[in-house]
Q: 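Below you will find the structure I want to go over with you.
Given the structure is predicted, the values throughout are model-derived calculations rather than measurements.
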Amino acid sequence: MAHEIIAGVISKHAFVSPTSLKFSGYIAYMSRSEAVRTESYASHNFAFDDMDFDGYNNYMSNPEKSSGLFSKDGNFLTKSQVKNLQKQFAVAQNNESNMWQVVFSFDNAWLEKHNVYKRNSNRLQEQVIMNATRNAMADLLKSEGLLNSAVWSGAIHYNTDNIHVHVAFVEPEPTRELMMYKGTLQRRGKLKYSNIERAKSRIANSISDRTLDFQKIDELVRQKIGSNEIAYQDLDEKRLTERYIKIFSLLPHDRRLWKYNNNAMSKIRPELDLFIEDFIQTYRQDEFSELNGLLDKQVAFNRETYGQKSRFDDYKTNKIHDLYSNIGNTILKEMSSEVSQGHATKLVEQGFSFKPQRLRSPNVNTINTSKIKHMFDKEYKSLREYLNLRAYEKLQRLVKENDEYEL
């Protein structure tokens with residue numbers, strides 16, 4: 001009976017300086033046969049050095065067997081290709097590059113669930129794992145600014161419960177900044193935790209092939225629910241019209257601030273959210289239900305893949321925020337366009353302008369507060385008159401189309 005999957009994928013990483021014996025040892029280790037590398041695996045893996053003995057044995061004990069080395073450019077490297085990699089690692093060490101190791105360890109039951117491993121025959125689709133590793137490493141190196149300077153090698157290691165991929169990488173021509181550490185000048189070795197987590201997510205999503213679901217989610221967020229082709233000011237619902245006008249009346253004078261996530265919108269954003277929620281419930285309920293189902297599916301995948309202690313539900317929270325942000329910015333852009341294109345005729349005629357003001361530090365000695373107050377009162381009055389006119393005209397149209405609306 002298959003055991004419970006606590007976490008489908010875990011990762012560990014570490015680095016050593018160019019003076020470390022583990023750096024030199026790994027260069028020699030690369031050219032050994034698969035059998036010898038399997039036998040001496042533990043002595044050349046330092047990514048799990050900070051784990052206690054039981055933790056290490058659970059995840060990273062000497063594997064039953066190992067694959068051949070692979071890299072960005074090829075599977076099962078030939079002897080000459082391995083020798084070339086060794087030379088690059090040696091050059092990196094001589095040029096005082098660090099060496100990093102990253103290990104992605106999989107729960108075999110998780111791999112089996114995603115159809116890349118068969119427990120009974122101990123057969124693994126190694127090419128799927130290798131390609132997923134390439135995707136993860138490309139993401140990690142790009143995030144760390146090493147995409148064009150680092151070279152890496154990887155190998156797949158088998159054991160009873162946790163197949164894992166062991167990757168080592170260096171910079172033949174180091175680019176990492178120099179820093180003082182314990183009285184000596186060294187190149188920065190620490191990798192950002194968020195970049196490692198993103199790489200882990202990339203390898204998991206590549207193995208499980210989540211591409212289609214991600215495409216559907218993006219389509220729903222960007223096109224079907226949050227389409228930028230909707231004219232929100234012309235929706236045939238009285239309450240939405242009233243909400244729309246209320247939002248318009250609360251906006252700051254400077255249109256450059258009309259962005260959903262701008263801090264200046266913090267007091268207006270709740271009104272936007274109410275409008276968006278009402279719009280979705282009225283016009284996009286089926287599409288939103290489909291989106292919720294796909295997001296819940298991804299949350300379940302994240303929980304199983306990264307464990308209960310992970311922030312597995314962040315993905316859904318972030319995507320819902322993306323949806324509201326997308327719709328909110330479309331509404332604000334529509335409002336801004338209405339003003340800039342001269343549709344707000346009555347406002348323009350009465351001297352009210354939404355044109356952005358230049359941000360300049362005022363000369364406190366020349367401020368005429370009464371004049372400013374008079375100008376503000378005049379513009380505010382013009383705005384209210386315009387909004388009332390818009391509301392009246394819209395409600396007149398609604399009454400004509402549907403007798404149940406009353407003024």
Side-chain angles (χ1 to χ4, degrees), residues 5 7-15 26 30 45-48 59-60 63 66-77 85 88-89 98-108 110-117 124-158 162-171 176 189-215 298 301-307 310-312 314-315 318:
I5 301 172
V9 185
I10 70 164
S11 64
K12 292 288 288 183
H13 67 282
F15 74 95
Y26 187 81
M30 291 169 68
N45 169 56
F46 54 81
F48 276 71
Y59 283 101
M60 300 303 298
S66 301
S67 73
L69 292 180
F70 68 98
S71 69
K72 179 186 75 171
D73 301 314
N75 300 337
F76 310 110
L77 301 182
L85 263 179
Q88 293 184 75
F89 271 64
N98 296 310
M99 179 172 72
W100 293 266
Q101 288 186 356
V102 181
V103 178
F104 299 105
S105 181
F106 309 99
D107 187 306
N108 289 0
W110 183 87
L111 292 174
E112 193 167 21
K113 181 174 181 177
H114 293 286
N115 303 313
V116 296
Y117 176 68
L124 176 72
Q125 294 186 42
E126 290 186 343
Q127 188 162 341
V128 173
I129 301 297
M130 291 177 181
N131 287 336
T133 303
R134 290 188 182 98
N135 292 337
M137 289 305 299
D139 194 294
L140 174 61
L141 295 178
K142 182 178 180 180
S143 299
E144 290 288 340
L146 302 173
L147 186 61
N148 298 319
S149 60
V151 295
W152 61 267
S153 69
I156 301 171
H157 301 285
Y158 293 72
N162 299 100
I163 290 170
H164 45 275
V165 180
H166 183 190
V167 180
F169 64 95
V170 296
E171 287 188 286
R176 300 280 271 194
K190 187 176 181 180
L191 303 176
K192 289 184 179 179
Y193 175 77
S194 59
N195 292 339
I196 292 290
E197 288 295 291
R198 189 181 302 112
K200 182 173 69 173
S201 176
R202 185 70 185 275
I203 200 171
N205 289 329
S206 296
I207 290 170
S208 60
D209 193 12
R210 308 286 300 159
T211 306
L212 186 59
D213 278 356
F214 288 146
Q215 288 175 346
Q298 183 64 31
F301 171 82
N302 290 347
R303 183 189 298 112
E304 180 181 74
T305 302
Y306 310 120
S310 67
R311 299 174 64 178
F312 54 83
D314 279 4
Y315 180 81
N318 292 338

Q: Got Ile129 and Leu111 here, is their nearest side-chain heavy-atom distance under 4.5 Å?
A: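 Touching, per the 4.5 Å side-chain cut-off.
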Q: Could you tell me which non-hydrogen atom of Gly189 sits nearest to which non-hydrogen atom of Trp100, and how far apart they are?
A: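 The pair with the smallest heavy-atom distance is O-NE1, 2.6 Å.
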Q: So, does Glu144 use its side chain to make a donor-acceptor pair with the main chain of Lys192 at under 3.5 Å?
A: yes
Q: Show the nearest heavy-atom pair for residues Leu124 and Val116, with the distance to one decimal.
A: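 That would be CD1-O, 3.3 Å.
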Q: For Phe169 and His13: C-alpha separation, side-chain torsions, deciding distance, then whether ring-ring contact (aromatic ring centres under 6.0 Å, His included) applies.
A: CA-CA 11 Å; Phe169 64 95; His13 67 282; 9.7 Å; no
Q: State whether the number of non-hydrogen atoms from other residues, nucleotides or ligands found under 6.0 Å of Glu197 atom CD is greater than 12.
A: yes
Q: So how far is it from Leu191 CG to Leu146 CG, rounded to the nearest 0.5 Å?
A: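 Those atoms lie 7.5 Å apart.
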Q: Report yes if some heavy atom in the side chain of Val170 is under 4.5 Å from a heavy atom in the side chain of Gln88; otherwise report no.
A: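 SC-SC contact between Val170 and Gln88 ruled out.
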Q: Would you name the heavy atoms of Ser153 and Tyr26 that are closest together and state the gap between them?
A: OG-OH, 3.6 Å
Q: Do the side chain of Arg134 and the main chain of Asp73 share a donor and acceptor less than 3.5 angstrom apart?
A: no
Q: Could you walk me through whether Phe70 and Trp152 pass the ring-ring contact (aromatic ring centres under 6.0 Å, His included) check?
A: CA-CA 9 Å; Phe70 68 98; Trp152 61 267; 5.8 Å; yes
Q: Would you please test Ile196 and Leu140 for side-chain contact (heavy atoms from CB on, under 4.5 Å) and show each step?
A: CA-CA 7 Å; Ile196 292 290; Leu140 174 61; 3.9 Å; yes
Q: Please check this pair: side chain of Gln298 against backbone of Phe214, looking for a donor-acceptor N/O pair closer than 3.5 Å.
A: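 No, because the side chain of Gln298 does not come within donor-acceptor range (under 3.5 Å) of the backbone of Phe214.
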Q: Can you find a side-chain donor-acceptor pair between Glu112 and Asn108 that sits under 3.5 Å?
A: no
Q: Suppose we screen for side chain to side chain donor-acceptor pair (under 3.5 Å). Which residues come up paired with Ser71, at least two apart in sequence or across chains?
A: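 If we apply the side chain to side chain donor-acceptor pair (under 3.5 Å) test to Ser71, skipping adjacent residues, there are no hits.
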Q: Considering non-hydrogen atoms only, spot the tightest contact between Phe104 and Ser11 and give its length.
A: CD2-CB, 3.9 Å
Q: Working to the nearest 0.5 Å, report the span between CD1 of Ile203 and OG1 of Thr133.
A: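 With rounding to 0.5 Å, CD1 (Ile203) is 3.5 Å from OG1 (Thr133).
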Q: Nearest 0.5 Å please: distance from the CG atom of Asn205 over to the CG atom of Asn302.
A: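 Answer for the CG-CG pair, Asn205 versus Asn302, is 7.5 Å.
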Q: When rounded to the nearest 0.5 angstrom, what is the spacing between CG in Asp139 and CG in Asn195?
A: 8.0 Å
Q: How long is the gap from CG on Leu147 to CE on Met137, to the nearest 0.5 Å?
A: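 Going from the CG atom of Leu147 to the CE atom of Met137 covers 10.0 Å.
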Q: Heavy atoms only: give me the nearest Val9-Ala204 pair and the separation to one decimal.
A: CG2-CB, 4.1 Å
Q: Taking Lys190's backbone N and O only, do any of them form a donor-acceptor pair with Arg176's side chain (distance below 3.5 Å, no angle check)?
A: yes
Q: Any donor and acceptor pair, going by atom type alone, linking the side chain of Ser206 with main-chain N or O of Arg202 inside 3.5 Å?
A: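 At least one qualifying donor-acceptor pair exists.
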Q: Keeping Trp110 on the side-chain end and Ala7 on the backbone end, is there a donor-acceptor pair under 3.5 Å?
A: no
Q: Check salt bridge (Lys or Arg N to Asp or Glu O under 4.0 Å) between Asp213 and all other residues, then give those that pass, not counting sequence neighbours.
A: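 Asp213: salt bridge (Lys or Arg N to Asp or Glu O under 4.0 Å) contacts with Arg210, Lys297.
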Q: Calculate, to the nearest 0.5 Å, the distance between atoms CD1 and CZ belonging to Ile10 and Phe106 respectively.
A: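 Reported to 0.5 Å precision, the distance equals 10.5 Å.
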Q: Ignoring hydrogens and geometry, is there a side-chain-to-backbone donor-acceptor pair from His166 to His164 under 3.5 Å?
A: no
